[in-house]
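One structure is given below, encoded as C-alpha cells.
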Amino acid sequence: MDRYEPLKIEAKWQKIWEEEKPFKVTEEPNVPKMMVAEMFPYPSGAGLHVGHVRNFTIVDVLTRFFMQQKINTMRPFGYDTFGLPAENYAIKTGTAPQDVTKTNIENFRKQAKRLGYAIDWDREINTSDPEYYKWTQWCFLQLYKKGLAYQKESYQWWCPVDQTVLANEQVENGHCWRCGHEVEKKKMKQWFFKITEYADELLEEIDSLDWPEKIKTMQKNWIGRSVGAEIEFLLDSRSSGAWQGEEKRRSPVATGRADAGREPSKNSITVFTTRPDTILGATFLVVAPEYPSLEALLTDDTREEVLAYKAASLKKSEIERQENKEKTGVFTGSYAINPATKEKIPIYVADYVLAGYGTGAIMAVPAYDDRDREFAEKFNLPIVEAELVDRDLYGTPKITYKMRDWLISRQRYWGCPIPIAYDKDGDPHPIPEDQLPVIHPEVKDYQPDDTGRSPLAKATDWLKVTIDGEEMTRETDTLDGYACSSWYLWRYASPHDDKAAWDKDAIKYWEPVDYYVGADHAVAHLLYIRFWCKFFADQGFLPFREPIKKLIYHGYINAPDGKKMSKSKGNVIDPLDVINEGYGADTLRTYEMFIGPVELDAAWDPRSVGGVYRFLNRCYNLVFKADDDAFSRSSGAWQGEEKRRSPVATGRADAGRENGIAIRHRVIKKVTTDIHKCQFNTAVAALMEYVNDLYKQGASEEDLITLAKLLKPFAPHLASEMLEKLGADDEWPVWDEKYLTSDTVEIIVQINGKLRAKLTVNAEDLEDEEKIKSLALADEKVAKYTTNGIRKSIFVKKSHLLNFVV
RNA sequence: GCCCCGGUGGCGGAAUUGGUAUACGCGUUCGACUUAAAAUCGAAUGGAGAAAUCCAUAUGAGUUCAAGUCUCAUCCGGGGCACCA
C-alpha cells in the first residue's frame, strides 16, 4: 500500500543495472542485431539539458524496445570533447582543457545514469583520449597516403574572434558557427580533405537513404551539381595588357576546378557555363576579384582602379555582399574573342562572380541571364538576343559542384594534432604510424593569436621530431573537430582495440548503424561521415558504403513561452531539477516522448509533466494498490475472461462494448507499430488510453503484465518494479490479429455522407450487404430520411460504413 | 526571388491515408472523499440551440455518394537555398 515514490524505485533499479550490467553486449553471430546511437554530445559544463534528454530517450526507447524483443542491441555512448568551449574556458581560467573535460564527462556520465539509459558502459569513448585520437590521426594518414589530404594556399574564411579558419560548412550566412562573428577572407596555406572526389557518389546515394527528406534536400543543395561545359576564350592580343608580346599559344584544355588550385592560362580565359548553347549571345566576360591571373589582364590605364576594386571586394564581408546585390565591377582593359562569333568582347572584373566556383570566370549572356543583364544595363554593354547553338559545339562537357573541399586545419589548441612534420625545406612528411599518437602537448598559454599558427607552436620541445634520422618540425595546426566525429560510430564496434581503429569482424556484425538520432549537423557531420565511409570502403577497411541506415532528426524543446531556452533569458528548464523535484526520471522521459511528434519543435509545459506523472501513478496503483476487495467487486465485469483485479474502480459493468482480450491486443499492436514508426507521442497516448480502460473495466493479471512490458521502454524503472511484483519477465508481447476482431461491429450509416445512425451488427453480417441495408432502413433515424426513396447506396466493408444517397 | 513543408477546440496535438473530425494530455466546470486544503476518484467540456437539428479542420471555389485528407486560387506561419553562371 505504498505511494508511488519514483526516486526510491529509480535508485533501486539503477543500482541493479550498475552492478549487473544487463546492457553489455557482444557479437553473437546467430542472433539478429541492432545498433542504435545518438549524435554523441559535447559535454558542456552545464550538464544535460532537456534537448539531450529528448535525444537520448528516443535512442533508449528504441534500444529497450529491441532488447525486449531479444534482439542483440548495442547502445553505446561517447563524448565529443575537442572544441572551443573547453579551450575558451581554459583561456579565461587557466584550467587545462584536459581537466575541464574530465570533470564534465564525469558529470555527464552521472546524469545519463540518473536517467536510466540502457547504455553498454564498456563502450564509452572520448575523442580527446590519446587512445582514441591515435586512430583519428591514423585515419588522416590513410587519406594523406591516397592524396585526399592535401595542402593548398588560397583565400579562406577566417574568424577574427576565434582566430581560426573555418570550413565552408561552418560559415552560416557569413557568420562563424561558433561565436556568430562575421568572417573574413584570408589567404593562407591550409590542409584540406578532398571530399569533392566523392561528390557524385555522395549525391547519387542520397536517394537510397531512409533519412528525413529535409536533410536529404539540404545535402543535395549543398553538393549542388551543375551540368554544363567549359569554354575557352582566347585573349585578343592586339588590344591590351601586360601579357602583350608574350608568345601566343593555346593552353591545354583545363580539367580541374578553380578550387583545386589550377593555374589558369595567361593568354586565354576558360569559363564554366550551364548554357553553352547561348554562346552567340555572350557579349562580355567577367572574372572574380580573386581570379588568379587577373594581373595579366590589366593595362597601365586600368591597373590602379582594378586593384582598388579587388582590395575593396576582399574586405567586403559576405553579409555586405548579400545585402547589397547592386552590381559593381570594373573593366580590366583586356578583350577576349568569342569563339562562336569571333567578336572582340571586353573583360570585366566583378564580385558577383565567385572565385571558388567553376573557373572563377564566366561568359556573360545578358539576353538569357538576369544577373548578366543587370550588369550589362548598368555598364552599357550590348544585349544580343542570339540564336541557340548545339551545346557541344564550342566547349568541353563539364560537371561542377558547389561543394568545396573540406578545410580541416584549425589554428587552435584544443583539437587533435595533425600527424605531419616539415623538413628544412618546408615539405610535409607524415608521422610514421608506429609513432602515433602524436600526443597533445601541454602548454601554459592557450591564447591564440593572428599569426596563423596555433598555440601548439609555443610547445617548443614538442615541435622537434626526428623522422628517418632527419630533424623535422611538427605541424602546429589541429584538426577540425568534425574529423574526430567522422569515424566514431565505427570505434563503438571495438572501442578498446589497440591494434586497429576498428575490428573488421566486429564492425561487420554491428554496422552500419540501424538508427542514428540527432538534431543538428544536417550537412557538415552527416556529409563528412558519409564521405569517410566511402573512402574507407574503397580502401577495404569497411564492408559498407553508407554508415547510417535510418536517421531520426528530432525537434528542439523550447521554453514554456515558446522561445529558445537560454541562460541569458533565464528560461532554462534543467532536467535534473525536474527529476529531483520528485517527478523522477521516468516521468521526465515519458513526458519528453509524449510532448509531440519527434521531428517537431515543442514547448515545455510544466503542467503536462504533471499529467504524465499522474499517468505513471495510475500505472503504479494498478499493480501495487490492488486489494482482494476490489478484486472480487470487479470480477465478472468482463465476459468470463481471466480473473480480473481492479484496484480502485468499482468495475463498471459496461462489458459487451468490447472484450478485454481485444483491448489488450489492440494496445500491443498500436504501441509496437508506433515505436517502429518513431511515433512515440501516440504510443504513450495509447498506453494512457489502456490504463483508463483498465481503471473503468478492471484489469486482469495479463493486462497488468502487458502494461508493464509496453511501458518499459519509456519508464523502465517503474515498469521493472511492476514486473518484479507481478513475477513476470519483460519479453515484448505480440498481438494476434484474430483477437482484434470482436463478435459485433458498429456500422456507420450515412445519408448523403452525413452520419445519421450507428448500428451494432454481428461481425459475420458484414459479408451480407443486403442484410445490413435492410437493418439500416429499419432504423427509425434512418427511415426519417428515406421516405422519398433511395437513389443509390454505397457500402464500404473495410470502414464499416453504409451511405445512402437520397 | 526560388524550392519544400505546414495551418484542426482555450492550449499541445490525434485521425487506420478519401469513409464516425477533435484520440491522449493540459486547462476549465461540477460532484465524491475531507473539518478544510492538497492529493486521489468520477462526470462534463468545439460553437449555437430547450430540443430536433444546424454550423465548424486558415479563406474561396472545384472533383466525389463521401474531403482535415485530392485539384486550383488566395492569405498566414515555418524551414531550406540564395549573385553557384
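Naming: A, B, ... by sequence-line order, numbering from 1 per chain.
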Query raised in the report: Does any N or O donor sit under 3.5 Å from an N or O acceptor when you compare the side chain of A/Lys214 with the base of B/rC5?
Result: no
Query - A/Arg618 and A/Tyr695: side chain donor to acceptor below 3.5 Å - result: no
Query - Residue mapping more 5' on RNA chain B - nearest nucleotide basis, A/Glu213 or A/Met688 - result: A/Glu213
Query - Exam field: side chain A/Arg373 to backbone A/Ala367, donor-acceptor pair closer than 3.5 Å - result: yes
Query raised in the report: At under 4.0 Å between heavy atoms, what does A/Thr273 touch on the DNA or RNA strands: base, sugar-phosphate, or nothing?
Result: sugar-phosphate
Query - B/rU20 versus B/rC30 - spacing of their P atoms, nearest Å - result: 35 Å
Query raised in the report: Between B/rU8 and B/rU69, how far is it from one C1' atom to the other, in whole Å?
Result: 12 Å
Query raised in the report: With both distances under 3.5 angstrom, what nucleotide forms a Watson-Crick or G-U wobble pair with B/rA36?
Result: none
Report summary line: For B/rC65, the nucleotide meeting Watson-Crick or G-U wobble distances (both under 3.5 Å) is B/rG19
Query raised in the report: In whole Å, what separates the C1' atom of B/rG12 from that of B/rA85?
Result: 47 Å
Query raised in the report: Can you find an N or O donor on one side and an acceptor on the other, under 3.5 Å apart, linking the side chain of A/Asn803 with the base of B/rC65?
Result: yes
Report task. Classify the nucleic acid contact of A/Arg614 as base, sugar-phosphate or nothing, counting any heavy atom under 4.0 Å across all strands shown. Result -> sugar-phosphate
Report summary line: Ranking A/Phe272 and A/Met218 by the position along RNA chain B of their nearest nucleotide, the one closer to 5' is A/Met218
Query raised in the report: So what does A/Asp370 hit on the nucleic acid, given a heavy-atom distance under 4.0 Å: a base, only sugar-phosphate, or nothing?
Result: nothing
**Report entry** Audit row: A/Asp207, A/Lys220, salt bridge (Lys or Arg N to Asp or Glu O under 4.0 Å) steps and yes/no
**Finding:** CA-CA 10 Å; A/Asp207 284 326; A/Lys220 280 183 197 168; 2.9 Å; yes
Query raised in the report: What integer number of Å spans the P atoms of B/rC3 and B/rC72?
Result: 14 Å
Query raised in the report: What nucleic acid atoms does A/Arg225 come within less than 4.0 Å of, heavy atoms only: base, sugar-phosphate, or nothing?
Result: nothing
Query raised in the report: Between atom CG in A/Asp520 and atom C1' in B/rG79, what is the gap in whole Å?
Result: 14 Å
Query - Nearest-Å distance for atom pair OH/P, residues A/Tyr401 and B/rA85 - result: 13 Å
Query raised in the report: Taking the six-membered ring for Trp, are A/Tyr556 and A/Trp604 ring centroids under 6.0 Å apart?
Result: no
Query - Nearest-Å distance for atom pair CD/P, residues A/Gln679 and B/rU16 - result: 9 Å
Requested in this report: Identify whether any heavy atom of A/Val805 sits under 4.0 Å from a base atom; if not, whether one sits that close to sugar-phosphate; answer base, sugar-phosphate or nothing.
Outcome: sugar-phosphate
Requested in this report: Identify the nucleotide, in any strand shown, that forms a Watson-Crick or G-U wobble pair with B/rG6, with both distances under 3.5 Å; if there is none, say none.
Outcome: B/rC76
Requested in this report: For nucleotides B/rG47 and B/rA52, find the distance between their P atoms and express it as a whole number of Å.
Outcome: 16 Å
